[in-house]
There are 2 protein chains.
Amino acid sequence: MFDHCLYFNTAALARRLDREWALAYKPFGLTTPQGFMLRAVLARPGRLPSELADDLEIARPTATRALDALQEKGLIHRQVRSADGRQTAIAPTASAIEMGRGLNEASAEVSRRLKHVLGEAGFAETVLRVRDTRSALRA
Amino acid sequence: MFDHCLYFNTAALARRLDREWALAYKPFGLTTPQGFMLRAVLARPGRLPSELADDLEIARPTATRALDALQEKGLIHRQVRSADGRQTAIAPTASAIEMGRGLNEASAEVSRRLKHVLGEAGFAETVLRVRDTRSALRA
DNA sequence: GAGTAATAGTTGCATAGCTAATAAAAGGAG
DNA sequence: CTCCTTTTATTAGCTATGCAACTATTACTC
């Protein structure tokens with residue numbers, strides 16, 4: 001019925017992919033968004049919530065909530081910056097750093113599996129089209 | 001950071017597109033998912049919640065909630081089927097039918113605008129790639 | 001330097017989505 | 001017929017997301 005609708009197809013695919021990732025991150029006690037947030041923190045420790053929100057293309061309050069969840073699990077901590085008291089640096093805990101390697105391996109495994117199912121070329125082409133579409137709608 | 005991740009790009013695009021549709025449906029007092037659900041009901045009155053859930057590729061409980069919202073707004077009503085007491089037929093109210101034309105026009109307008117921004121070919125190609133990816137992950 | 005504007009983060013409130021559990025009806029086996 | 005299974009729909013509980021409003025801090029203006 002909505003076969004030709006970009007929104008419908010995109011949203012349905014996003015839900016489907018979330019299930020893949022959720023399964024991969026479950027052993028770490030993380031949901032999909034939490035897993036991505038933690039990977040972003042691990043990739044560049046000390047960044048601000050607003051920067052992380054930009055990275056993940058989510059609203060700032062959503063980033064706050066994801067960070068709350070990670071803090072609750074003892075995976076990140078917040079440190080108010082002395083230079084500017086409005087800003088808080090987000091750093092991974094030792095426990096998160098330890099988890100990092102496994103998390104990246106699990107992530108790579110999901111990508112591998114998807115590429116296998118979709119074909120290397122099909123996967124790349126789809127990512128490209130979706131990213132281009134996002135860029136075009138940037139405004 | 002997640003430029004090559006299919007999930008990240010797809011989920012971000014879905015959120016971006018939701019904003020377009022939300023704007024278009026706002027004058028009708030509907031959210032994006034509610035608008036799509038109502039269009040599905042209007043397209044084929046008398047169907048079951050489970051069939052609508054399949055159409056929209058959402059879980060049955062999610063369909064129940066969307067229908068609750070539409071019923072609350074006086075746009076659909078549920079009728080238990082006499083043939084099988086487990087099933088309920090979903091029908092649009094007169095008010096919903098009246099809204100139907102405007103809703104479809106607003107929907108067409110969104111598609112038109114997106115095609116204009118993305119280019120007719122780019123739009124079609126993206127829809128195709130996303131739909132094919134969904135099919136490939138059907139299993 | 002006092003008052004105003006801007007900025008970072010958070011909180012409040014609402015919606016959508018899922019899984020698991022429940023209720024009710026129908027179907028099937030004996 | 002009675003018990004068990006299957007099916008439809010719903011409810012319960014949780015997470016993610018966004019907008020709007022609020023707080024605290026910094027920056028700017030005069």
Side-chain angles (χ1 to χ4, degrees), chain A residues 7-8 10-23 25-26 29-38 46-54 56-73 76-90, chain B residues 7-8 10-23 25-26 29-38 46-54 56-73 76-90:
Chain A
Y7 167 73
F8 169 71
T10 303
L13 178 57
R15 290 191 293 269
R16 180 66 182 77
L17 290 170
D18 172 66
R19 282 202 286 279
E20 288 306 314
W21 286 93
L23 214 61
Y25 287 165
K26 186 162 193 156
L30 299 173
T31 64
T32 307
Q34 287 165 15
F36 275 76
M37 178 60 90
L38 184 53
R47 314 191 63 217
L48 310 179
S50 54
E51 294 173 328
L52 292 163
D54 285 350
L56 298 171
E57 297 226 17
I58 53 180
R60 265 168 308 179
T62 305
T64 293
R65 300 276 149 73
L67 292 169
D68 287 347
L70 293 177
Q71 188 167 28
E72 194 69 27
K73 295 173 201 231
I76 61 128
H77 62 86
R78 294 163 152 105
Q79 170 131 26
V80 174
R81 297 190 64 197
S82 52
D84 187 333
R86 292 171 298 187
Q87 302 179 331
T88 57
I90 306 298
Chain B
Y7 167 74
F8 168 72
T10 303
L13 178 57
R15 290 192 293 266
R16 179 66 183 74
L17 290 170
D18 172 67
R19 282 203 287 279
E20 290 301 318
W21 287 93
L23 215 61
Y25 286 166
K26 186 163 191 154
L30 298 173
T31 64
T32 307
Q34 287 165 15
F36 275 78
M37 177 61 89
L38 184 53
R47 313 190 64 217
L48 311 179
S50 54
E51 295 173 327
L52 292 164
D54 285 350
L56 299 171
E57 297 225 17
I58 53 179
R60 264 168 307 180
T62 305
T64 294
R65 297 276 149 71
L67 291 169
D68 288 347
L70 293 177
Q71 188 168 30
E72 194 70 26
K73 295 172 203 242
I76 61 128
H77 61 85
R78 292 162 152 108
Q79 170 130 26
V80 174
R81 297 189 63 199
S82 52
D84 187 332
R86 292 170 300 186
Q87 304 179 330
T88 57
I90 306 298

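Atoms considered below: every heavy atom in the structure, side chains included; atoms not considered: hydrogens, waters and symmetry mates. As the structure is a prediction and not an experimental result, all values here were calculated from the model. Proteins come first, then strands; the chains are lettered A, B, ... in the order of their sequence lines, and each starts at number 1.
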| task | Pick base, sugar-phosphate or nothing for A:Pro49, based on heavy-atom distances below 4.0 Å to the nucleic acid. | result | sugar-phosphate
| remark: Whichever of A:Arg15 and A:Gln87 has the more 5' nearest nucleotide on DNA chain C, that residue is A:Gln87
| request: With heavy atoms under 4.0 Å as the rule, sort A:Ser50 into base, sugar-phosphate or nothing. | output: sugar-phosphate
| request: Calculate the interatomic distance between A:Leu70 atom CG and C:dT10 atom P; express it in whole Å. | output: 13 Å
| Distance in angstrom units between B:Leu56 CG and C:dA16 P, rounded | 12 Å
| Atom-pair distance (CZ on A:Arg78; P on C:dT11), nearest Å | 8 Å
| request: Give a yes/no answer on whether the side chain of A:Thr64 brings an N or O atom under 4.0 Å of OP1 or OP2 in C:dT10. | output: yes
| said: Can you measure B:Trp21 atom CH2 to C:dA16 atom C1' for me and round it to whole angstrom units? | reply: 18 Å
| Which pair of heavy atoms, one from A:Ala89 and one from A:Gly46, lies closest together, and at what distance? | CB-O, 3.5 Å
| task | Taking only the side-chain nitrogens and oxygens of A:Thr62, find out if one of them lies under 4.0 Å from OP1 or OP2 of D:dG18. | result | yes
| field | Atom pair distance, as rounded to whole Å: CG in A:Asp18 and P in C:dA16 | value | 17 Å
| request: Kindly point out which of D:dA20, D:dT15, D:dT25 is positioned nearest to the side chain of A:Gln34? | output: D:dT15
| task | Quick one: do B:Val80 and B:Gln87 satisfy side-chain contact (heavy atoms from CB on, under 4.5 Å)? Show the steps, please. | result | CA-CA 6 Å; B:Val80 174; B:Gln87 304 179 330; over 6 Å; no
| remark: Of B:Glu51 and A:Thr32, the one whose closest nucleotide on DNA chain D sits nearer the 5' end is B:Glu51
| message | Looking only at the side chain of A:Ala59 (C-beta and beyond, no hydrogens), which of the listed nucleotides D:dG18, D:dT7, C:dC18 gets closest? | response | D:dG18
| query | If you count the non-hydrogen atoms of other residues, nucleotides and ligands that lie under 6.0 Å from CZ in B:Arg60, is the total more than 12? | reply | no
| said: Output the rounded distance in Å from OH (A:Tyr25) to P (D:dA16). | reply: 13 Å
| Of A:Arg86 and A:Ala66, whose nearest nucleotide on DNA chain D comes first from the 5' end? | A:Ala66
| Nearest listed nucleotide, side chain of A:Pro61, among D:dC19, C:dA24, C:dG17 | D:dC19
| said: Under 4.0 Å, counting only non-hydrogen atoms across every strand here, what does B:Thr88 touch: a base, just sugar-phosphate, or nothing? | reply: sugar-phosphate
| query | In terms of side-chain heavy atoms of B:Pro33, which of D:dG18, C:dG17, D:dA16 is nearest? | reply | C:dG17
| message | Rounded to whole Å, please give me the gap between CG in A:Leu52 and P in C:dT10. | response | 11 Å
| Any side-chain heavy-atom pair of A:Gln71 and A:Ile76 under 4.5 Å | yes
| request: May I ask you to evaluate whether A:Arg19 reaches the phosphate of C:dG17, defined as a side-chain N or O under 4.0 Å from OP1 or OP2? | output: no
| field | N/O (side chain, A:Arg60) to phosphate O (OP1/OP2, C:dT11) under 4.0 Å | value | no
| task | Identify whether any heavy atom of B:Arg81 sits under 4.0 Å from a base atom; if not, whether one sits that close to sugar-phosphate; answer base, sugar-phosphate or nothing. | result | nothing
| task | Can you figure out which of D:dA9, C:dT10, C:dC18 approaches the side chain of B:Leu48 most closely? | result | D:dA9
| message | Using 30° and 60° as the class boundaries, would you call the ring planes of A:Trp21 and A:Phe36 parallel, tilted or perpendicular? | response | perpendicular
| said: Using a 4.0 Å heavy-atom cut-off, does B:Arg65 contact any base of the nucleic acid, only the sugar-phosphate backbone, or nothing at all? | reply: base
| Euclidean distance, atom NZ of residue B:Lys73 to atom C1' of C:dT15 [Å, nearest integer] | 10 Å
| request: For A:Gln79, look at atom CD and say whether over 12 heavy atoms of other residues, nucleotides or ligands are found less than 6.0 Å away. | output: no
